[in-house]
Every structure is written in structure tokens, then in C-alpha cells.
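Okay, so here's the structure we're looking at.
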Number of protein chains: 2
Amino acid sequence: MSGPVQRRITIKEVAEAAGVGVATVSRVLSGGSASAETREKVLAAAARLDYRPSALGRNLRRQRTGGIGLLVPDITDSFYARLTDGVLSCARSYGEPVTVGVTGDDPEREAELIGTLIEQSMDRLISVPSGDGEMWAPALRAGLNVVFADRRVRADVPSVVPDDRAGVLTAVEYLAGLGHRKIAYLGRHGQSQRVAAFTAAIASLGLPADRDLVVHARSSRDSAYAAAAGLLQHRPDVTAVIAGGNVLGEAAVLAARELDVRIPRDVSLIMFDDVPWAELCSPPLTVIAQPAQDIGYRAAELVLRQGRRPPTVTLPTKLVVRASCGPKVSLPRR
Amino acid sequence: MSGPVQRRITIKEVAEAAGVGVATVSRVLSGGSASAETREKVLAAAARLDYRPSALGRNLRRQRTGGIGLLVPDITDSFYARLTDGVLSCARSYGEPVTVGVTGDDPEREAELIGTLIEQSMDRLISVPSGDGEMWAPALRAGLNVVFADRRVRADVPSVVPDDRAGVLTAVEYLAGLGHRKIAYLGRHGQSQRVAAFTAAIASLGLPADRDLVVHARSSRDSAYAAAAGLLQHRPDVTAVIAGGNVLGEAAVLAARELDVRIPRDVSLIMFDDVPWAELCSPPLTVIAQPAQDIGYRAAELVLRQGRRPPTVTLPTKLVVRASCGPKVSLPRR
DNA sequence: AACCATGGTGGAATCGTTTCCATGAGTGGT
DNA sequence: ACCACTCATGGAAACGATTCCACCATGGTT
């Protein structure tokens, strides 16, 4: 390949070049006290040699690692990509590296990734938790500094979540206002908060309760499609569906098209999470916008600023009306 | 918060618990030779104490870090998200952590991120390079093990790229076959390979060459929209455009809609990169599909397997015909 | 003049691991 | 019975930083 690799230069060499001891170099570089003269010499030598302190050495001694870990179910999902972007954006301003892992919503894989992170002596972790709260006990006992994003599965861990309750309520109210009574929720594994909010909203508006009106999919696109198609096929009486995420919404549109049910004439659709293509879709999708990037950013702030950590911060959602919802048809479809 | 944090247990404690020396523990755990009996004792003690070797200690001693760094222009872009997913997927099977950074296609930010990575003693890096090849000289001299993905800016660095030349040629031929002669390329900063392929394809088919027919945008959505709108507005004579990425394609559809130019009646559109919503779009978009995930996976393989590294691996693209291209209209629009 | 406080400075210990090297035990061959 | 050889084993030296602590010079106070 190219020329000879040059060995990394250490604090010792800087000390030698500056004619001082290693302790002094360390002190100067980390803002400790030193005379103006020595400071000058050290800084000059460090700059001349292009010295970069080894994070390995520092972290080993300090017994803590700077970086932060991030665990998301699926980086391919626009929502989590934006969340990740928020985390990276905040971390960059602190100069902290971020190690990302994909859990696929599988608690086992999540546990495995947490193990890897602990091995790296990462002590700060942001996670969109896949399993229930209990599996986090060992990690917390190990001194890991955890913040949950998007989902909240333990009360004793700071969390940054969208306002699911308000979002769902807004969606249901909007649909009910259009005359819909049989409204289905097409959800993703691990959205217990939102499902609870959904059934509560249904109840509060006096709509008929029906356990079968909430359908769950695993986190793959195939599973989402199967769930959507199943719902549309087996329940011709539902006239409106709320999709709990952008891949669910995508699946719903695809399935509807395949089964020749028209949106919004036959069924109305509201999708959680506003994505760029929602406007491009035919028809343009009415959505509940979620501040994905903000969620990530705030979570990163929380995990980086060690100080007093509020238990939960809830970020607002917003209904964006486009063209995928219409008034209820007088006759059930099919 | 919760109970008392338990200190991390070290190899020393395992040695003590097993009644052997630290050297023996290390040897057993890394597959060295040891008697069956001691091996048994050590393994038992390690399991009982739930011992996890500290990556910090190991890496410091070994003078190399396991993890791999990944630099992408924009994690929010589906293409790079899928590429990232490929890298993560491969890295996971090796148990290697991946540190991700977002460059925003800004060479300065890229250099800064490389600096952070070097500080962490990362010695393996996958990058979608933003700048030209020269800025990589210091990193290479520092012994960094670099693989380029998606773009190839140095011949002496292994690269995994889509087959831009074939992809562009396929697109141009398809468009020319429909009768189009004024074809524009809407590109992104840093796609010199593809632009060259475009002008070559135009020339080889005997179409009129025109430097103004390639338009560049920076990597933001706003910039992409401005470029697309500008092209559509100022050049009513172009009847087909090739968008060099999914955010460019999205911008083109949006701009066309805003300016009331119909796809495909007024202009035909081919988009690089197949994304789930391309099918949902109105009209469904004809695309050149790129194996984004594979690119990431292969790049990770290359950077993890130190052995003989082929200079460049090129992955095929594929034309997926949908409904965004039509025959050339006889009269120029407007 | 003796003493103490102050503040800059460098040597050495430390973090947790791997790996070199010396030691000792056991074995087979002459 | 002795030698040569293998093999398992543990002590100790790295790796590169931070930080404790002892040291010294200076200057101000009693």
C-alpha cells in the first residue's frame, strides 16, 4: 500500500521534547495549573509533534469511557434513523463518539449488545428498549448510565418519549369526528403505551370496544405487511386504521392497494410519524408527526449531562392533515 | 436511583478464585494451551463471577482496537441507512462494535471525526468519503485501515461501489429508447464517477452534449429541492431527468408537482436507488436499484478480514421499470 | 533569623490486560 | 541413572494515560 506507518507518539515523547515531566504535560493539556512559560513550551511541543492523547490510556486510568452507546430496533426505519441523527448531532458537539447497535426488537440480541458495550467499558447508553424493564436490572447494577428513548419501560430510568397519549387521542378524535366508529390500531411489538392510550381513547369517546381491533406486527417489513393485509381482509367492518409507525403505514397502503380497497374511500388511514414520502404517496397521508430527531437529541443531552435527571420528558406530536382520511361511508365495504 | 453499583471484576480476582495465576486465566480465555483440569477451574470461576474482560486493558496492551468506525454523509438518507445496516450486520457476527459518525458531506467535519476516531485508537474505518483523496494521506500514514464505500477517491484504498457506469448507461439507454434526447442529470456533491459515466453515456449514444445538463446539489433536502426546481424551471427543453439519489428524486417529484409539470407526461424521471416508497409514489417511480446493504456488508468484510484486499469490488445495479417514464412528447413543454 | 504557606514540578503508582521468560515437573531415550 | 525435551504455569514487564505525593524554591509573616 503506502509508505511506512509512523508509530503513535505518546505523552512521554512530548514531555521529552518540551523538557518537562509527563505529569506536567498531562496537567497542561487537561487545564491544570502550570506556569505560563511551561504551558507555552508544552503546547508548542504537542502541536509540533501533532500529539493526540490516547483515549485508551485515559479511559483505563479514569475507569470510565467517554463514548456513548445507542441501541435502536432498526436503523433502516426512518424514525430511528432520525432519532439516531439527533443523538449523533448532540454527541458531536461534545466530541463524544457514538457506538450504534441494531437490536431488531429482539431482547436477546439487545442483551448481547449491552454485553459488548459493557466490555468496552461504555458507561453511557441510550436505548429504545425491546424487552420489558426487568432485563435492565443487571446493566443498571453494573453502573451503566441508561436513558430510554421512544419507549418507557422502567420508572427509575430517565426517558424521552413522544406524547403517545395525546397523539393517539388526537388521531382517534379526528377519525371519530369524520363519523368513524370501527377504528383499528395496527401496532408494532413493544408499543404497550400507545395501545393503552388507544383503548382509553376509544372508551372515552364512547366507541365500541373490541380487543381484536388492535393488531400487532413484529419489526420486519414482511410481518408488517402480513398484519396489515390480515386486518384489511378479515375485518371488512373497520372503516379507519391508525398505523403505529411509518413501516406499518407503508405496509397498510401496499396491502390496501393489493386487496383493492381504496384509501380514503373504503378505509381512512392515519399514520404515526411524518416522513418525507408521506406527501408523495397516493393519496398523500394524514399523519401524526413525531419529533424523532429531538427525541434523540434530548436523550443524548440527558445521558451526557450527569446532573439532576428528570424522570421523563415528553415531547409533543402534531396532526398533519393530508388526504388519506374521509368521512365514513354509509355502507360497510365489500 | 437503584442499589449500590458493583465494581467491575478483573482477571486478578478470577485468578484468585480459581487458584491460578493471571497469566493462566488469560491463556485459557483466549484459547491458549492449558491442562484440562485448570481450564475447567478457570472457566468455572469466570462463569461464577460473570467475568468480562475489559476491552480497554486488552486494547491498550495489544496496541489495536477491535471496533470499526463508520463515516456516512447522512444517516437520515435511506441509502446510507441501509449501507449502515449492512455494516452493522456484518460487524455483529464478528462481535465488533461500530462507531458511527455523520459527515454531512463536509470534508472538514470528516477530518474532525477521523481525529476523534484516531484518539480512540480505532484502526479500522469504513467511509463514504466527502473530500478528495488527498486528505486521506495522514490517516493512512497513521496506519489506519481504511475501506471506501459508495465512492472511490483513491486507487490505493480498497473500495466497494455500485456499478455506476452500467447503472447510468442503462438509465440513459432506456430513456433514449423512449425517444428522449435532452436528458439531465441531477446529482449530488461528490458523484464525479457518476457524472463522468453520464457524459460518456450521452456521448456514446450520439445525444447532444451540454454541460448545463448536469446540476449539482449539496446534501441537504433544501438544496436538493432548489436544484430540482431550478432545473425544471430554467430548462423547459429537457424531457427526462435522472436523479442521482433518493433525496434528489424526492425533491424532483416535489418540485415537479409544485411547478405543475406532470410526470411522466411532461418529463420522465428515473431515480437512483430503490426505496420502499418509490412504489407508493404517484406515479410509481422507475428506479436504478442499488445494493446499499450489500455495499455496507462487503465493506465491513473487507475491513475485518485483514488478508489480501482486492482494490475495488463493484456491485451490480438493476433497472426497475415502474411508471415515471414515458415516450418523449412531440412538442417541448410550456 | 526562623518558620510556614504557596504553588510549580517530576517521579512513581495505578488502571486491566497480554505476553515474555524462567521455573519446575514429568516423560522417553540412551 | 542421567540427559534432553516438552509442557503447564506464574511472576513481572509492558501499553499510555492520570494523579497522588514528595520536593523545592519563593516570599511573606512572626
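We name chains A, B, ... by the order of the sequence lines, and we start the count at 1 in each one.
- Applying the side-chain contact (heavy atoms from CB on, under 4.5 Å) test between A/Ile68 and each of A/Leu88, A/Leu304, A/Leu125, A/Thr99 identifies A/Leu304 as the sole match.
- The C1' atoms of five pairs define one axis at each end of the helix from C/dA1-D/dT30 to C/dT30-D/dA1, and these two axes lie 60° apart (to 10°).
- Residue A/Ser35 places at least one side-chain N or O under 4.0 Å from the OP1 or OP2 atom of C/dT9.
- Each of B/Gly57 and B/Ala34 was assigned the nucleotide of DNA chain D with the nearest heavy atom; the assignment lying further toward the 5' end belongs to B/Ala34.
- Side chain to side chain, B/Ser54 and B/Arg58 fail the donor-acceptor criterion of an N or O pair below 3.5 Å.
- A/Leu60 comes within 4.0 angstrom of a nucleotide base, judged by non-hydrogen atoms across all strands.
- Among the protein residues, B/Ser30 comes within range of no part of the nucleic acid, since none of its heavy atoms lies under 4.0 Å from any strand.
- Dashed line: the shortest gap from a side-chain N or O of B/Ser33 to OP1 or OP2 of D/dA8 is under 4.0 Å.
- Side chain of A/Ile11, nearest nucleotide from D/dG10, C/dT9, D/dA17: D/dA17.
- No donor-acceptor contact under 3.5 Å links the side chain of B/Arg61 to the base of C/dT17.
- Contact annotation for B/Ser26: base contact, defined as any heavy-atom pair under 4.0 Å involving a base atom.
- The side chain of B/Gln63 contributes no N or O atom lying less than 4.0 Å from OP1 or OP2 of C/dT18.
- With DNA chain D read from its 5' end, the first of the two nearest nucleotides for A/Leu56 and A/Arg62 is the one closest to A/Leu56.
- Judged purely by distance below 3.5 Å, without hydrogens or angles, the side chains of A/Arg152 and A/Thr312 pair a donor atom with an acceptor atom.
- No side-chain donor from either of B/Arg8 and B/Tyr51 sits under 3.5 Å from a side-chain acceptor of the other.
- Distance check: A/Arg124 CZ to A/Leu144 CG gives 11.0 Å after rounding to the nearest 0.5 Å.
- In this structure, A/Tyr51 reaches the D/dA17 phosphate: one of its side-chain N or O atoms is under 4.0 Å from OP1 or OP2.
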(request) For the pair A/Arg82 and A/Asp294, evaluate salt bridge (charged side-chain N to carboxylate O under 4.0 Å, His left out) and give the outcome as yes or no after the intermediate values. (result) CA-CA 9 Å; A/Arg82 276 149 42 218; A/Asp294 275 359; over 6 Å; no

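- Each of C/dT18, C/dT9, D/dG10 was ranked by its minimum atom distance to the side chain of A/Arg27; first place goes to C/dT9.
- Within 4.0 Å of A/Arg8, counting heavy atoms only, lies no atom of the nucleic acid at all.
- Taking 3.5 Å as the limit, the base of C/dG16 and the side chain of B/Arg52 contain no donor-acceptor pair of atoms between them.
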